[in-house]
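What follows is a single structure, written as structure tokens, with notes after it.
Only heavy atoms go into these numbers, but all of them, side chains included; no hydrogens, no water, no symmetry mates. Order of the sequence lines fixes the chain letters, A, B, ..., with proteins taken first and strands second; residue numbering starts at 1 for each chain.
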Amino acid sequence: MSASLEEIEELYRRDLDRFLRVAAAILGDREAARDAVHEGFAVAVHKRGSYYGRGPLAGWVWRVVVNTVRNHKRRRVPELLELREPAAPSNNGPGEGERLRLALLALTERQRLVVFLHYYADLDYRTIAMTLGIQEGTVGATLNAARAALRSSLTEVPT
Amino acid sequence: MTEALDRALDELVPPYAEPRRWDEVLQQASVRPHRRRVLVLAFAAGLAAIVIGAGGVFHRDVVDFFSAEPAPEPIRIDFAKMGARTNMTVGPGHDMAEAREVAKFPVDGELRPLWVAPMENGGFCYRWHTYGSCGRMPHQGDAVKLGLGGQDGSYGLNWLAAHVGDPAIQRLELEYADGERVELPFLRVSSPIDAGFTAFQVPAERQREGRQAVAVIGFDDEGKEVERRVLPGPTDPRWEAGADGLPRIADRSKQRTLFDFRDELGERWTLVVAPAPEQKLCYAYDRGGGCVSPQFPATPLSVQGGGKTVIVCCTVAESVAKVELRFQDGDRIEVEPVDGFLLYAIPSEHYPQGKRLEAIVSRDASGREVERVKVKADNPGVYPCKRSEELEFGYGQTICP
């Protein structure tokens, strides 16, 4: 069993914006995300014969695209999550967005990816597990730990 | 708190509302879109090449190939894959390192590069937008005088791309149904390409009945018409492929399955045929399909790889009773077409270099050789390989040797 071109196209047309959002979060660059996601889908099309039907096709495509995006990230100079200009300094310390950005940087890569795939792609645990090549149970534990760290960053306002 | 986290994540990476560019994905993956017809209208040269003197007056630009910008690596990879796919019909592969951008032509509001790469033993391949093709040079006997490709628009062609192998053609015009003509942008590329190129998007107001593009006309340097290529009429949607791969208009009540087998990996392969109007017999198999008719006779069998299994497909002449596959290691396998069709999975023992298919010999019932097609066995990307054997092209792209 291999993935059909039509199935991959359907996924692309339906979920491109979610793929782009995850890629932008990983790369920290909305324009680079477009290139990386399109390359990821091109790789999926090219390698569709290597999908054997183990798990949902969406999980396989997500895995291919996320791996391509991560490869892009390794080749890029810009750092993670430089999506926005740093918030203007204020007497109250960094803003909420800046605190979240710093908190995300403090997470492990796996935690960040689980957060991105959960929040920006709204993937279920099974698909996230397939995308990252980890156990389904690990997804929940990783997400809980990441959430706790991120929530903490949003409540602890430095003085 | 969850709401605050959701809001902060939303603000960090705002949602996209991106236009879908599936054709570009396919282009990057070197797969031709299947839902919109892409026409390949190349035909063999019928006239002898006319040598142009150095003092001739040329109504076009000449691009020095070696001064042109080298193509980026992904494009060179595309050329390699294109070479792999066309190994049966084009012959030699490409010198990927020499792929270059020779011009830019507009389509859909963007300037799209025209990339050209010379082939190892003469000829060239080129890519523009979603179209790619290969040609031979004028001094090669089978050079194409004017090779045209295009894509359907709302009525008639939306865009066309062409290569000109005939050195006599110095200028091109596009003729519309109402008789009006416009000059097409045209450039020639110097040796080792030695060919002319054009690419043109037909204006939207020219994609209407009675106003659509109907012909491409080539002129020599004295303004004499030396070539006229009539463009096909607007596509009849009934001939577009249905979900099963056969044209919608095909008579499925008379559908027959000529091949149905599983390869060594257990993957099922089928080839079905069904009659269609105009005396056509249409076929569909796992990787595509087409139609044959008295006007469009069988094209030679081709080797199709790029996946886990390499197959030989699809049509043979009616007179062919046996097909002999000859391998580099001397092994020979005889297979039988069914009613003018063949679908065969090459055994994996013949995937390694030195054991691959190198020729296809077709014979009639009396054993007389009808056709012999030489197969280039070392084109990359055709045969599967172990991950450790993959060639690395950069950009995360690999290809089997």
Side-chain angles (χ1 to χ4, degrees), chain A residues 1-2 4-6 8-9 12-14 16-26 28 30 33-34 37-50 52 67-68 70-72 74-75 81 83-84 95-97 99-101 103-104 115-116 118-120 147 150-155, chain B residues 1-35 74 77-78 81 241 243 245 262-263 265-269 286-288 304-310 381 384 387 390 394-400:
Chain A
M1 177 178 181
S2 62
S4 74
L5 207 53
E6 289 80 5
I8 298 173
E9 180 181 357
Y12 169 88
R13 293 195 183 282
R14 193 187 67 206
L16 175 64
D17 295 335
R18 297 197 295 157
F19 279 94
L20 286 170
R21 218 171 167 201
V22 170
I26 294 171
R30 290 176 72 84
R34 292 186 175 93
V37 168
H38 276 87
E39 183 181 325
F41 269 96
V43 172
V45 166
H46 181 63
K47 296 189 176 241
R48 64 188 185 280
S50 61
Y52 294 117
N67 282 341
T68 306
R70 290 165 77 189
N71 287 339
H72 268 248
R74 291 186 194 106
R75 296 197 300 268
L81 295 171
L83 281 171
R84 291 164 175 271
E96 190 176 81
R99 277 184 278 133
L100 178 66
R101 195 184 76 85
L104 281 166
V115 168
F116 295 158
H118 176 71
Y119 278 92
Y120 293 139
R147 271 180 180 149
L150 296 176
R151 283 175 186 151
S152 163
S153 76
L154 294 179
T155 51
Chain B
M1 189 62 246
T2 301
E3 281 182 15
L5 182 57
D6 287 351
R7 188 182 64 244
L9 284 165
D10 263 349
E11 289 176 359
L12 190 70
V13 185
Y16 281 79
E18 189 78 1
R20 274 40 177 170
R21 295 177 290 148
W22 181 244
D23 280 357
E24 290 181 22
V25 171
L26 296 182
Q27 183 185 10
Q28 206 168 345
S30 296
V31 175
R32 186 168 294 168
H34 64 286
R35 287 185 178 165
I77 295 167
D78 277 352
K81 291 173 183 171
R262 290 187 183 275
D263 63 21
L265 300 174
E267 186 177 351
R268 187 176 177 189
W269 293 87
D286 306 77
R287 289 183 181 170
Q304 299 176 14
K308 294 281 182 189
T309 301
V310 183
R387 191 167 181 78
E390 290 181 347
Y395 293 87
Q397 298 285 329
T398 57
I399 193 167
C400 287

- To the nearest 0.5 angstrom, please state how far the CZ atom of A:Arg18 sits from the CD atom of B:Glu18. 15.5 Å
- Output the distance between atom CG (A:Leu20) and atom OH (B:Tyr16), rounded to the nearest 0.5 Å. 5.5 Å
- Reported CG-to-CZ distance for the pair B:Leu9 and A:Phe116, which is rounded to 0.5 angstrom: 8.0 Å
- Note on the structure: Under 4.5 Å to a heavy atom of chain A? For B:Arg21 that would be both
- Residues passing the ring pair (Phe, Tyr, Trp, His ring centres under 6.0 Å) test with A:Tyr12, sequence neighbours excluded, are A:His38, A:Phe41, B:Trp22
- Heavy-atom closest pair, residues A:Tyr120 and B:Leu12: OH-CB, 3.9 Å
- Using the side-chain contact (heavy atoms from CB on, under 4.5 Å) rule, take A:Leu5 and B:Arg287 through it: C-alpha gap first, then chi angles, then the decisive distance, then the call. CA-CA 10 Å; A:Leu5 207 53; B:Arg287 289 183 181 170; over 6 Å; no
- Give, as side chain, backbone, both or neither, the part of A:Val115 having an atom under 4.5 angstrom from any heavy atom of chain B. side chain
- Message: Restricting to non-hydrogen atoms, name the atom on A:Asp17 and the atom on B:Ala17 that form the minimum distance, rounded to 0.1 Å.
- Response: OD2-CA, 3.7 Å
- Criterion side-chain contact (heavy atoms from CB on, under 4.5 Å) on B:Val13 and A:Arg30, from CA distance to verdict: CA-CA 9 Å; B:Val13 185; A:Arg30 290 176 72 84; 4.2 Å; yes
